[in-house]
Amino acid sequence: MSLETEAYVCKAKGEPLKLEKIVLPPLEANEVECDMVCCGLCHTDCHMCTNDWGISDFPMVPGHEGVGIVRAVGSAVSTHAVGDRVGIAWMRDSCQACEACLCGRENICQPGYQGTFLSKSAGVWGKKPYNLTGGCFSKVMRVAARFAFKIPEGVPDDVACPLLCGGGTVYEPLCDYCEPGTQLGVAGIGGLGTAAIKLAKLRGVTPTAISSSPHKKQAALAAGAKDFVCFDDDLAAWAGKFDVIIDTSPANTQPAATYLNLLKFGGTYCRVGIPAAGEGFKYDWIPLIFTQRKVVGSIVTGSKCMHSMFNLVKDNLDFLQADNPDLQNIEKVPFSQANAAMKNLVERKNKGYRYVLVW
Ligand code: NAP
Ligand code: ZN
């Protein structure tokens, strides 16, 4: 049976969100139904509402860092029970048969995963029309049980939210490209960047923050960075210093060469921040080839890294919730302030490092 609920809907490109009634499709055998409690606001939700990437379909319910409580399970679900606390992220399903899915890297599911609120404009990642009935800015959600990640006991809802997309997205390249001793630079000290600094520290990698905002120095150091580089500084002093840079910038505020020059020969520039369509990657072949620097992209994370990240987090809650006045914290706001929160994030006026919207 379909189900009526309420959700914050973006009706057309650039329109503010409005609380409206929506109708969810019938619960499938492999799905769980959840009462949603809260949701992180990722910069991706802003890009999607303004269709920066050309992959949005409207009307759309965004949101992909949701925490909720299971209130019903489909007939084929044996892994989840009513009352379980779960997190829902960027993916809502995948083929579960390809090599990537079988080893928990559903984010590179070969036929394309199904995005939580993606539809046809997203190509292989939006095979089914979930634009209106998919996102986590909804009071009730129905999603494949495999993509409703159980949140370990003790991890508070508002700590879990920013990890579900932002944390996982940076945790994966930390696992793929870093080990203790790696000289890591984290560029863009917002939601993803702050999570990257904290999670790197927990994995024994002490990063350097790379930022366009001098006022973020204290917060970056408090989060665990050992150093702070600002684009206003003399970057020549930092040339060739890093093994890996994880760049979370949502726009090409700096040319790619600025970051690549900070890498050692053979180093890796990992881009996770996603600029608008058309803001291309520009670099020359000669320096790329002669220096053997590598340029890679990384998209969210699969179930394997998600579980490993939450295990690490549950054992280090004190650090993640550190009562440090210098630390930029999560800012909890009611869902009714979602539009103001989005505007602040885009205009870079947010005070905390992640908004968590609460019903
Ligand atoms: P955020 O909280 O807004 O942080 C972005 C940070 O980037 C800012 O705090 C700022 O840090 C820096 N920045 C540089 N140029 C900027 C600009 N023109 N506008 C705003 N910030 C700018 O965003 P987020 O939620 O961390 O997301 C960052 C990017 O990652 C977005 O593009 C998002 O869509 C993308 N994303 C990608 C994935 C993936 O799977 N690859 C997953 C989630 C998000 P400084 O002040 O320190 O320079
Ligand atoms: Zn996100």
Side-chain angles (χ1 to χ4, degrees), residues 39-53 55-56 62-66 87-91 105-108 113 115-118 125 135-137 161-173 176 185-198 207-221 223 225 228-233 246-255 258-259 270-277 279 296-302 305-306 328 330-331 341-356:
C39 187
L41 175 64
C42 176
H43 208 114
T44 292
D45 298 312
C46 307
H47 289 298
M48 288 297 291
C49 287
T50 44
N51 200 10
D52 285 355
W53 304 333
I55 65 163
S56 307
H64 57 283
E65 288 188 345
I88 301 169
W90 176 250
M91 299 182 285
R105 299 198 76 145
E106 299 89 343
N107 47 332
I108 48 169
Y113 58 77
T116 299
F117 60 96
L118 299 180
W125 299 285
C136 302
F137 288 5
C161 283
L163 293 168
L164 284 162
C165 173
T169 298
V170 293
Y171 188 77
E172 179 150 327
D176 286 348
V186 172
I189 311 304
L192 268 61
T194 305
I197 293 173
K198 293 180 177 181
T208 295
I210 305 171
S211 174
S212 55
S213 309
H215 69 271
K216 291 186 182 173
K217 181 171 181 175
Q218 264 193 327
L221 298 182
F228 185 85
V229 184
C230 193
F231 292 117
D232 300 343
D233 300 342
I246 299 176
D247 183 4
T248 76
S249 318
N252 283 348
T253 14
Q254 294 288 328
T258 304
Y259 301 100
C270 178
R271 184 77 190 226
V272 292
I274 314 176
E279 280 194 54
V296 298
S298 202
I299 185 73
V300 295
T301 199
C305 275
M306 190 75 93
Q328 257 195 318
I330 290 154
E331 235 181 305
M342 273 191 157
K343 188 166 180 285
N344 283 346
L345 192 63
V346 170
E347 294 176 359
R348 305 175 71 168
K349 290 182 182 153
N350 49 311
K351 299 270 187 301
Y353 79 87
R354 198 55 138 195
Y355 283 110
V356 173

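We count ligands from 1, going down the list as the structure has it; atoms in each ligand are counted the same way.
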Once you restrict to heavy atoms under 4.0 Å, what part of Pro275 touches ligand 1? Side chain, backbone, both or neither.
neither
Which residue owns the protein heavy atom closest to atom 4 (O) of ligand 1, what's the atom, and how far is it?
Gly190 CA, 3.3 Å
What protein heavy atom is closest to atom 5 (C) of ligand 1, reported as residue, atom name and distance in Å?
Pro250 CD, 3.8 Å
Could you please spell out the steps behind the side chain to side chain contact (heavy atoms under 4.5 Å, CB included) verdict for Tyr353 and Ile330?
CA-CA 6 Å; Tyr353 79 87; Ile330 290 154; 3.9 Å; yes
Mind telling me whether Phe117 and His64 have parallel, tilted or perpendicular rings, with 30° and 60° as the class edges?
tilted
Evaluate Ile210 against Phe231 for side chain to side chain contact (heavy atoms under 4.5 Å, CB included), listing each step before the verdict.
CA-CA 8 Å; Ile210 305 171; Phe231 292 117; 3.7 Å; yes
Ile189 and Thr194: CA distance, side-chain angles, deciding distance, side chain to side chain contact (heavy atoms under 4.5 Å, CB included) verdict:
CA-CA 6 Å; Ile189 311 304; Thr194 305; 3.9 Å; yes
Can you tell which of Gly273, Pro162, Cys46 gets a heavy atom nearest to atom 30 (O) of ligand 1?
Gly273
Using a 4.0 Å heavy-atom cut-off, which part of Thr253 comes near ligand 1: side chain, backbone, both, or neither?
side chain
Only heavy atoms of Gly188, strictly under 4.0 Å: list the atoms of ligand 1 that pass.
7 (O), 11 (O), 12 (C), 47 (O)
Only heavy atoms count here, so choose which of Lys216, Arg348, Glu172 is nearest to atom 9 (O) of ligand 1.
Lys216
Run the numbers for me: atoms of ligand 1, each under 4.0 Å from some heavy atom of Gly191, listed by number.
1 (P), 2 (O), 4 (O), 26 (O)
Examine distances only and state if a side-chain atom of Glu106 and a backbone atom of Gly302 form a donor-acceptor pair shorter than 3.5 Å.
no
Backbone or side-chain N or O of Val300 under 3.5 Å from ligand 1 N or O
yes
Reported CG-to-CG distance for the pair Asn350 and Asn344, which is rounded to 0.5 angstrom:
7.0 Å
Are there more than 12 heavy atoms of other residues, nucleotides or ligands under 6.0 Å from atom CD of Gln218?
no
Between ligand 1 and Val346, is the shortest N or O to N or O distance under 3.5 Å?
no
Would you mind finding which of Asp45, Ile189, Asp52, Val272 brings a heavy atom closest to atom 11 (O) of ligand 1?
Ile189
Check step by step if side chain to side chain contact (heavy atoms under 4.5 Å, CB included) holds for Trp53 and Ile274.
CA-CA 8 Å; Trp53 304 333; Ile274 314 176; 3.5 Å; yes
Report the part of Ser212 in contact with ligand 1, treating N, CA, C, O as backbone and CB onward as side chain, heavy atoms under 4.0 Å; options are side chain, backbone, both, neither.
both
Against ligand 1, does Trp53 come closer than 4.0 Å with any heavy atom?
yes
Which residue and heavy atom of the protein sit nearest atom 34 (O) of ligand 1, plus the separation
Thr44 OG1, 2.7 Å
Heavy-atom contacts under 4.0 Å between Thr169 and ligand 1: side chain, backbone, both, or neither?
side chain
When you compare the side chains of Glu172 and Asn107, does any donor N or O come within less than 3.5 Å of an acceptor on the partner?
yes
Nearest-contact summary for atom 46 (O) of ligand 1 - protein heavy atom, Å
Ser213 OG, 2.4 Å
Atom OG1 of Thr301 and atom CH2 of Trp90: how far apart are they, to the nearest 0.5 Å?
14.5 Å
Once you round to the nearest 0.5 Å, how far does CG of Leu164 lie from SG of Cys136?
8.0 Å
One should read off an interatomic distance between Tyr355 OH and Cys42 SG, to the nearest 0.5 angstrom, of 14.5 Å
Atoms in ligand 1 with a heavy atom of Leu345 nearer than 4.0 Å
2 (O), 3 (O)
Return the closest protein heavy atom for atom 26 (O) of ligand 1 as residue, atom name and distance.
Leu192 N, 2.8 Å
Proximal atoms of ligand 1 relative to Ser211 (non-hydrogen, under 4.0 Å):
45 (P), 46 (O), 47 (O), 48 (O)
Strictly distance-based, threshold 3.5 Å: is any side-chain N or O of Asn51 a donor or acceptor partner for the main-chain N or O of Ile55?
yes
Enumerate the atoms of ligand 1 whose separation from the nearest heavy atom of Arg354 is less than 4.0 angstrom.
24 (P), 25 (O)
Could you tell me which atoms of ligand 1, counted from 1 in the order shown, lie closer than 4.0 angstrom to a heavy atom of Cys165?
42 (C), 43 (C)
Min over His43, Met48, Glu65, Arg271 of heavy-atom distance to atom 23 (O) of ligand 1 lands on His43
Examine Cys165 and say whether one of its N/O/S atoms is closer to the Zn ion (ligand 2) than 2.8 Å.
yes
Polar side-chain atom of Asp247 near backbone of Arg271 as donor-acceptor pair, under 3.5 Å:
no
Any idea which protein heavy atom is nearest atom 31 (C) of ligand 1, and the distance to it?
His47 NE2, 3.5 Å
Rounded to the nearest 0.5 angstrom, the CE-NE2 distance for Met342 and His43 is 9.5 Å
Under 4.0 Å from any heavy atom of Thr248, which atoms of ligand 1 are there?
28 (C), 29 (C), 30 (O)
Any idea which atoms of ligand 1 are less than 4.0 Å away from a heavy-atom of Ala251?
18 (N)
